[in-house]
Undergrad: 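The structure under discussion is supplied below as structure tokens; questions concerning it will follow.
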Amino acid sequence: MSTDNNKKKKSPIFIYYAILLIVVLVISYLLIPKLVEPKEKKISFSEFVEMIKNDEAEQVEVNSRQYKLKPKNFKETNTYYVTGNIYNDFHESSALLSLLDEKGLKYDSPIVSSNYLLELIIYVVPTIVTIAFFVVIYRSMNKKGGVMSFGKNTSKIYAEKSTGKTFADVAGQEEAKQNLVEIIDFLNNPGKYTAIGAKLPKGALLVGPPGTGKTLMAKAVAGEAKVPFFSLSGSEFVEMFVGMGASRVRDLFRQAAENAPCIVFIDEIDAIGKSRDNSFSSNDEREQTLNQLLSEMDGFDSSKGVVIIAATNRPEILDKALLRPGRFDRRIIVDLPDQKGRVDIMNVHAKNVLMEPDVDFEVIARATPGASGADLENIINEAALRAVRAGKQRVSQKEMEEAIEVVIAGEEKKNRVMSDEEKRIVAYHETGHALVTSLLTHTEPVHKITIIPRTSGTLGYVMHVAKKEKVLMTKKELLEEIIILTGGRASEELEFDSVTTGASNDIERATEMARNIITTYGMSDSFGFVNWQKKNQMYLGDSKTLNCSEETHSKIDNEIQRIVADCYKKALELLGAHKATLDALASVLYEKENLTGDEFMKLFSELEPDITLTRADDGV
Ligand code: ADP
Ligand code: MG
Ligand code: ZN
């Protein structure tokens with residue numbers, strides 16, 4: 001049932017038809033006439049007269065050049081006999097004519113071959129074949145996805161009757177699986193839900209880093225529910241021809257409705273579902289596709305048993321309209337596996353790999369924090385390849401450990417190779433953020449500090465503990481945030497007496513915050529209780545433009561600069577006063593590359609015994 005194949009099949013069919021047409025024409029016009037057409041045999045005039053005298057002739061054709069004789073046994077021989085006209089004058093041939101008359105032979109009309117079969121083959125068959133050829137082309141041009149239909153839908157909808165994957169193939173991810181169990185149940189007995197009047201979510205959004213098994217999980221849901229699986233990748237939507245994306249979406253939902261109950265899976269939905277308010281990269285095609293998707297999702301009746309699952313690793317850029325209730329209102333987090341999850345995943349993938357008894361997945365898992373399911377699968381395969389290269393029968397722990405280095409370390413450095421000096425700078429930068437946080441707010445700053453560069457391009461980050469959700473923030477808190485943001489750059493300047501480009505994101509956020517203090521929150525003394533900023537698209541995002549005179553605009557700019565500069569000065573002072581602590585923490589981070597919140601707390605209390613930190617999530 002894969003419509004994927006149609007496209008591949010179609011152009012050869014077109015070629016086959018053309019070849020067939022040529023073959024038929026060659027046979028009809030060249031070969032068959034050679035075989036079937038009557039032959040002409042030259043004979044002498046005397047032989048000709050002899051044949052007439054012997055009553056062998058059935059008909060004779062006389063013209064100014066030659067005589068042609070059709071013998072009585074023509075049917076068997078298929079041969080005419082011809083001889084030159086030896087008389088210059090027709091009248092001189094009267095002797096011959098009277099002989100013909102005497103024998104009762106007709107000679108006043110040409111001999112017509114009455115080979116109907118031949119005529120049929122030569123004229124009728126090629127005509128029929130040619131007409132048929134054009135009919136076929138015409139038809140397929142009008143058909144969807146047919147030959148030469150560029151503007152039409154050549155959709156690559158990938159459909160599987162059964163995916164063959166089950167939850168047993170997905171290790172770890174217990175929470176995500178639990179969230180999906182309900183969907184499976186719904187697909188199996190929709191009646192149970194509709195009877196009570198319950199509406200099931202139309203769509204679930206799988207969110208998580210690449211390689212954590214989102215695609216796998218969607219297939220497993222289809223496999224568990226034993227329903228067909230239709231999938232389409234977001235990036236395929238956005239292609240060259242305008243209007244294709246929208247028609248693909250239509251096609252996908254039409255097919256799904258025909259095959260309900262089933263699962264529709266849209267991979268990389270961020271490629272189409274990007275927030276529409278970004279006017280710089282606005283893309284009509286994508287917007288059309290997105291609108292089509294939205295309207296299809298609203299239009300279909302979920303009680304029929306079609307469930308849409310989408311996957312993304314960039315949920316933050318998705319258009320708000322996609323996330324509202326009735327669309328992808330369920331968000332299922334598929335996170336990187338923890339220690340136990342990693343062991344489980346390796347067990348799943350090692351099933352078909354021969355392993356020495358010394359292989360210890362616990363040890364491997366401990367060495368691979370942050371590895372995704374795909375990484376772990378890759379590690380096992382790499383280890384197996386190494387074992388083969390080494391001429392071994394089984395994979396041993398040694399190959400596994402080498403494979404970690406190749407897969408994980410290779411991946412981390414693939415994008416950015418950090419020099420030692422750079423690593424030291426990043427260590428100071430991140431420690432700066434963390435230390436400023438602790439000194440200002442007396443809380444544990446972090447859940448984790450890392451200086452391992454990520455594929456996303458960040459060189460390191462401080463992962464803040466989720467604070468208690470706050471609806472209101474005081475001006476003091478906002479300013480503290482800005483000081484923390486400037487802490488990274490301040491730390492670099494203190495230690496190295498120079499600054500790097502690494503702080504651009506901090507600067508952006510600090511500036512934005514300072515701008516909001518003035519223009520949106522009315523917290524600046526000199527600007528007062530006035531809104532200076534207009535939201536552009538209230539319902540779609542929060543892009544804003546300043547809503548004030550040129551003069552005020554430049555004053556605001558000056559004020560922003562003053563606020564941020566003050567904060568930066570504060571950060572410099574704080575870090576300068578605790579330089580020894582900064583140095584000590586930075587060197588530990590440089591060594592270990594990762595620091596957990598607990599490790600940070602312990603180090604900090606040793607270095608600064610007078611300050612007691614509390615955990616940020618303790619509600620301080
Ligand atoms: P994503 O769609 O999240 O980027 P995939 O589902 O394509 O990731 O995962 C890629 C491969 O990694 C899968 O085919 C599977 O072999 C392996 N994998 C990832 N996560 C898991 C997991 N939790 N359990 C087992 N295998 C996994
Ligand atoms: Mg995927
Ligand atoms: Zn920073």
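Whatever order the structure lists them in is the order used to number ligands and atoms, beginning at 1.
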Undergrad: To check your reading of the model: name the closest protein heavy atom to atom 23 (N) of ligand 1, its residue, and the distance in Å.
TA: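 In this structure, atom 23 (N) of ligand 1 has Ala171 O, 2.8 Å as its nearest protein heavy atom.
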
Undergrad: If you measure from atom 7 (O) of ligand 1 to every heavy atom of Val207, Thr215, Asp267, which option wins on shortest distance?
TA: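 The option holding the nearest heavy atom is Thr215.
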
Undergrad: Is Glu573 salt-bridged to Lys570, going by a charged N under 4.0 Å from an acidic O?
TA: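 Here Glu573 does not pair with Lys570 in a salt bridge, since their nearest N and O are not under 4.0 Å apart.
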
Undergrad: If you measure every N/O of Val170 against every N/O of ligand 1, is any gap under 3.5 Å?
TA: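 Looking only at distances, the answer is no, because the N/O contact criterion of under 3.5 Å is not met.
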
Undergrad: I'd like to know if Glu356 pairs up with Arg394 as an ion pair, taking the criterion as any Lys NZ or Arg NE/NH1/NH2 lying under 4.0 Å from an Asp or Glu carboxylate oxygen.
TA: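 Judged by the 4.0 Å cut-off on N to carboxylate O distance, Glu356 and Arg394 do not form a salt bridge.
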
Undergrad: What's the shortest distance from atom 18 (N) of ligand 1 to any protein heavy atom, and which residue and atom give it?
TA: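 For atom 18 (N) of ligand 1, the nearest protein heavy atom is Gly373 C, 3.7 Å.
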
Undergrad: Give, for atom CD of Glu224 and atom CG of Asp169, the distance between the pair rounded to the nearest 0.5 Å.
TA: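 So the gap between those two atoms works out to 9.0 Å.
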
Undergrad: Between Glu493 and Arg489, is there a side-chain N and carboxylate O pair less than 4.0 Å apart?
TA: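 Arg489 and Glu493: not salt-bridged.
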
Undergrad: So, is Gly213 polar-close to ligand 1, with some N/O to N/O distance under 3.5 Å?
TA: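 Yes.
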
Undergrad: With the Zn ion (ligand 3) at the centre, find the angle made by NE2 from His429 and OD2 from Asp506, to 10°.
TA: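 The two atoms form an angle at the metal of about 100°.
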
Undergrad: For atom 6 (O) of ligand 1, what is the nearest protein heavy atom, given as residue, atom name and distance?
TA: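 The answer is Leu216 N, 2.9 Å.
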
Undergrad: So for ligand 1, is Gln173 a polar contact partner (N or O within less than 3.5 Å, distance only)?
TA: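 N/O-N/O distance under 3.5 Å: no.
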
Undergrad: Check the side chains of Ser396 and Asp358 for a donor-acceptor pair under 3.5 angstrom, ignoring hydrogens and angles.
TA: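 Ser396 and Asp358 do not have a side-chain donor-acceptor pair below 3.5 Å.
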
Undergrad: Consider ligand 1: state whether an atom of it lies below 4.0 angstrom from any non-hydrogen atom of His349.
TA: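 Distance cut 4.0 Å: His349 passes for ligand 1.
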
Undergrad: Measure the distance from atom 10 (C) of ligand 1 to every protein heavy atom, then report the residue, atom name and distance (to 0.1 Å) of the closest one.
TA: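 For atom 10 (C) of ligand 1, the nearest protein heavy atom comes out as Ala374 CB, 3.9 Å.
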
Undergrad: How close does the nearest protein non-hydrogen atom get to atom 17 (C) of ligand 1, and which residue and atom is it?
TA: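 For this ligand atom, the closest protein heavy atom is Glu377 OE1, 3.3 Å.
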
Undergrad: If the cut-off is 4.0 Å to any non-hydrogen atom of Pro210, which atoms of ligand 1 fall inside it?
TA: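 What qualifies from ligand 1 is 4 (O).
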
Undergrad: Checking one value in my table: which N/O/S atom of His433 lies closest to the Zn ion (ligand 3)?
TA: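 Nearest to the Zn ion (ligand 3) within His433's N, O and S set: NE2.
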
Undergrad: Could you grab the distance from atom CG of Asn381 to atom CZ of Arg386, nearest 0.5 Å is fine?
TA: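 Between Asn381 CG and Arg386 CZ, I get 11.5 Å after rounding to 0.5 Å.
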
Undergrad: With a 6.0 Å cut-off on the ring centroids, do Phe229 and Phe265 count as close?
TA: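 Ring centroids of Phe229 and Phe265 are less than 6.0 Å from each other.
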
Undergrad: Counting only N and O atoms by type, is there a donor-acceptor contact under 3.5 Å from the side chain of Asn378 to the main-chain atoms of Ala374?
TA: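 No.
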
Undergrad: Of the backbone and side-chain N, O or S atoms of Glu430, does one lie nearer to the Zn ion (ligand 3) than 2.8 Å?
TA: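 It does not; every qualifying atom lies at 2.8 Å or beyond.
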
Undergrad: May I ask you to decide whether Lys602 forms a salt bridge with Glu599, counting only side-chain N to carboxylate O separations under 4.0 Å?
TA: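 Salt bridge flag = no for Glu599 with Lys602.
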
Undergrad: Would you mind checking which non-hydrogen protein atom is closest to atom 25 (C) of ligand 1, with the distance to 0.1 Å?
TA: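 Heavy-atom neighbour on the protein nearest atom 25 (C) of ligand 1: Asp169 O, 3.2 Å.
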
Undergrad: Does the side chain of His433 pick up a donor-acceptor pair with the side chain of Asp506 at under 3.5 Å?
TA: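 A pair is found: one side chain offers a donor N or O, the other an acceptor, under 3.5 Å apart.
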
Undergrad: For atom 4 (O) of ligand 1, which protein heavy atom lies nearest, and how many Å away is it?
TA: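 Residue, atom and distance for the closest contact: Gly211 N, 2.8 Å.
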
